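Worksheet for the structure shown next.
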Number of protein chains: 2
Amino acid sequence: MPVKDNSQIITIKDIARKFKCSPSTVSRALNDNPVINEETRKTIQEYAQRMGYQRNIISLSLLNKSSKTLGVILPNINHFHESSMLEGLQSVFQPLGYLLNICVTNESYSLEKQYIERLLANRVDGIFLSVSQETYDEGHYEHIENITKRNIPLVYIDRKYDGTTGTGVTVDDYEGAFMATQHLIEIGCRRIAHLRGPKGMTVSELRFNGYRDCLLKHDLEVNENLILTTNFEVESAIEPTQSLLDLAEKPDAIFGVNDHVCIGAMSVIRERNIKIPQEIALIGFDDSPIAQYLFPPLSSVQRQSRAIGLTASDLLLSQLNNKLLSSRVLPTKLIIRESSKKY
Amino acid sequence: MPVKDNSQIITIKDIARKFKCSPSTVSRALNDNPVINEETRKTIQEYAQRMGYQRNIISLSLLNKSSKTLGVILPNINHFHESSMLEGLQSVFQPLGYLLNICVTNESYSLEKQYIERLLANRVDGIFLSVSQETYDEGHYEHIENITKRNIPLVYIDRKYDGTTGTGVTVDDYEGAFMATQHLIEIGCRRIAHLRGPKGMTVSELRFNGYRDCLLKHDLEVNENLILTTNFEVESAIEPTQSLLDLAEKPDAIFGVNDHVCIGAMSVIRERNIKIPQEIALIGFDDSPIAQYLFPPLSSVQRQSRAIGLTASDLLLSQLNNKLLSSRVLPTKLIIRESSKKY
């Protein structure tokens with residue numbers, strides 16, 4: 001069985017000893033250099049393969065100055081949005097021979113800092129970064145500035161911080177939330193509740209601001225009793241929705257910070273035999289693949305998750321070619337389904 | 001703006017020149033060696049920080065023989081199961097100072113091979129591997145055997161291949177499927193359909209076998225018309241479910257290969273105003289967080305996804321300490337909800 005013992009790693013020198021030739025002959029044979037005759041090349045290659053010889057790409061990368069590796073730092077990877085962004089990145093870089101190192105920070109500043117240090121030390125060719133919440137909260141950006149100081153291409157995906165000179169691709173969350181709220185007003189809703197995301201998180205704040213500004217534009221009251229906090233997960237919407245339905249004056253619509261909180265809200269609403277959308281309309285955010293198959297099918301604000309990955313790839317490829325494209329903000333799209341139909 | 005220019009990387013020699021001291025003094029100062037007086041240490045550390053100096057962990061790792069990095073190779077990361085496994089791994093290794101390199105193969109043999117080569121070249125301390133479907137199909141395992149040849153600790157998670165000597169943590173998919181089918185028989189169902197996963201995939205086959213063997217044990221017919229193929233995603237269940245409901249003799253239950261195909265099935269069943277579970281009972285697999293909030297709440301076979309990550313971490317840590325624990329198969333648990341209640 002395999003226990004770790006680095007003394008058994010086979011080197012070019014070991015192979016040279018075995019065949020009584022010079023290390024440079026072995027190296028040429030392994031690189032398929034025609035200077036070495038074919039039979040010798042084959043023999044050496046087969047032996048190297050059999051013995052588990054592995055070219056040391058790290059020391060190669062110190063010479064070549066390219067590791068063909070990119071870092072991708074994300075706060076989490078457990079929802080449709082993140083895996084679609086990753087798919088977009090991978091679809092561009094995998095055919096080009098790049099490997100993606102995916103690092104998950106769980107919104108932790110210190111993990112984000114550690115990951116950046118490690119990626120820089122590993123001499124990645126570039127970094128995609130979606131800034132962690134703690135980093136925003138603490139306002140420490142030195143670790144990110146270190147990337148720029150070392151002239152490593154950096155592209156923000158999904159989240160950047162104010163004041164950075166770096167480029168990135170984000171989605172217009174504010175506009176998406178504004179559109180969703182506007183649509184609810186248009187179908188006649190007047191007491192529109194909001195299941196918001198965690199306080200202080202940029203994405204929560206942008207969506208909340210879009211919701212609030214749309215109400216204000218239409219001279220509707222921004223009622224604190226109708227604004228409750230969730231953590232983006234299904235379970236976190238259960239109690240807040242119960243409180244909303246316990247109000248003397250119930251809401252006639254709920255705008256959820258994402259589709260998952262709407263799934264939680266739907267289950268509470270159904271339990272009480274309240275009709276969606278006739279008594280309460282519902283709109284989520286993300287347009288995840290399950291939205292259209294829920295009961296009733298859920299209206300939702302679509303983020304172009306895969307397109308974020310593709311566009312971010314363009315920005316990074318340009319930087320690798322010493323060109324700098326400017327940041328992009330991708331528009332959102334409101335997908336209207338049964339849960340917010342007018343009756 | 002940052003364009004890549006490696007000439008600007010600052011080295012220990014540059015710092016030494018700046019302070020007119022030896023490189024070894026700089027190195028000691030940066031390593032906080034008390035031989036160097038505190039003021040000098042601080043001055044040098046601050047300057048290094050300001051100039052974006054980065055310790056070259058790669059060359060360090062060639063000396064230390066440990067990169068404090070682990071590779072995690074997964075076929076995909078877009079469902080609850082995979083992100084929970086990753087969370088389990090991270091909760092053990094992050095506090096120990098290890099970084100996880102997550103590599104997503106999309107079930108591709110050649111990507112899996114490339115990732116393993118790259119991880120070995122980067123001298124990771126160990127690898128977690130969930131074998132890709134193409135690798136099974138092609139039966140080429142040399143790239144995996146290379147890990148063992150180089151004595152790098154290897155732990156399979158979720159999927160291993162027959163005949164490997166390596167250890168791993170898997171889930172008893174067969175037993176889970178058997179239990180689910182048995183439960184459907186116990187509540188009185190006799191025409192039990194199966195929305196199976198892609199043919200040839202181990203997880204699909206194990207679950208199918210559990211379903212089939214349970215039917216046979218109870219002297220029920222294994223009816224080809226009631227067994228239709230999906231690809232694990234919601235959309236892929238729509239047409240198969242429509243065909244099932246178009247049969248002259250409709251099924252009285254559906255066992256889905258995962259929760260997502262059940263969500264698709266539910267939406268078709270509801271459209272036709274067929275009652276769940278009175279007319280058709282439904283059971284999924286995974287017990288993902290949304291299962292209990294669906295309409296009706298979905299019975300499901302629970303995989304201990306996070307526990308796979310934790311147990312696999314134990315196996316790898318033991319190997320790092322030159323001990324070899326044996327493979328583990330974690331049991332599944334049937335969670336019964338409204339969608340398969342007896343009436």
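Computed from a predicted model, the values in this text were never measured in an experiment. A note on names: the letters A, B, ... follow the listed sequences, proteins ahead of strands, and every chain is numbered from 1.
Ranking Leu294(B), Ile290(B), Ile102(B) against chain A, the residue ahead of the rest is Ile102(B), based on heavy-atom pairs under 4.5 Å. Heavy-atom pairs under 4.5 Å with chain B were tallied for Thr167(A), Val72(A), Ile238(A), Asn321(A); the largest tally goes to Ile238(A). Per-residue heavy-atom pair counts under 4.5 Å with chain A were compared for Gly264(B), Gly97(B), Pro296(B), Ser84(B), and the maximum is reached by Gly97(B). Per-residue counts of heavy-atom pairs under 4.5 Å with chain A were compared for Asn101(B), Ile263(B), Leu111(B), Leu99(B); the largest is that of Leu99(B).
Counting heavy atoms of neighbouring residues, nucleotides and ligands inside a 6.0 Å radius, atom CD of Glu239(B) does not exceed 12 of them. Other residues, nucleotides and ligands place no more than 12 heavy atoms under 6.0 Å from the NZ atom of Lys113(B).
Contact annotation for Asn106(B): only side-chain heavy atoms (C-beta onward) come within less than 4.5 Å of a heavy atom of chain A. Residue Glu145(A) does not touch chain B at all, counting heavy-atom pairs closer than 4.5 Å. Residue contact with chain A, scored on non-hydrogen atoms closer than 4.5 Å, is absent for Ser318(B).
In this structure, Arg270(B) CZ and Tyr293(A) OH are separated by 12.0 Å, a value rounded to the nearest 0.5 Å. Here the straight-line distance linking atom CG of Leu100(A) with atom SG of Cys103(B) works out to 9.0 Å at 0.5 Å rounding. Once rounded to the nearest 0.5 Å, the distance linking CD of Gln292(A) with CD of Glu235(B) reads 6.5 Å. Phe295(B) CZ to Glu271(A) CD: the interatomic distance, rounded to the nearest 0.5 Å, is 11.0 Å. Between Asn76(A) atom CG and Leu86(B) atom CG the span is 12.0 Å, to the nearest 0.5 Å.
A donor-acceptor distance shorter than 3.5 angstrom exists from the side chain of Gln90(B) to the backbone of Val104(A), with no hydrogens or angles considered.
Between Asn122(A) and Asn122(B) there is no side-chain heavy-atom pair separated by less than 4.5 Å.
Scanning both residues, Arg50(B) and Lys149(A), for their nearest heavy atoms gives O-NZ, 3.0 Å.
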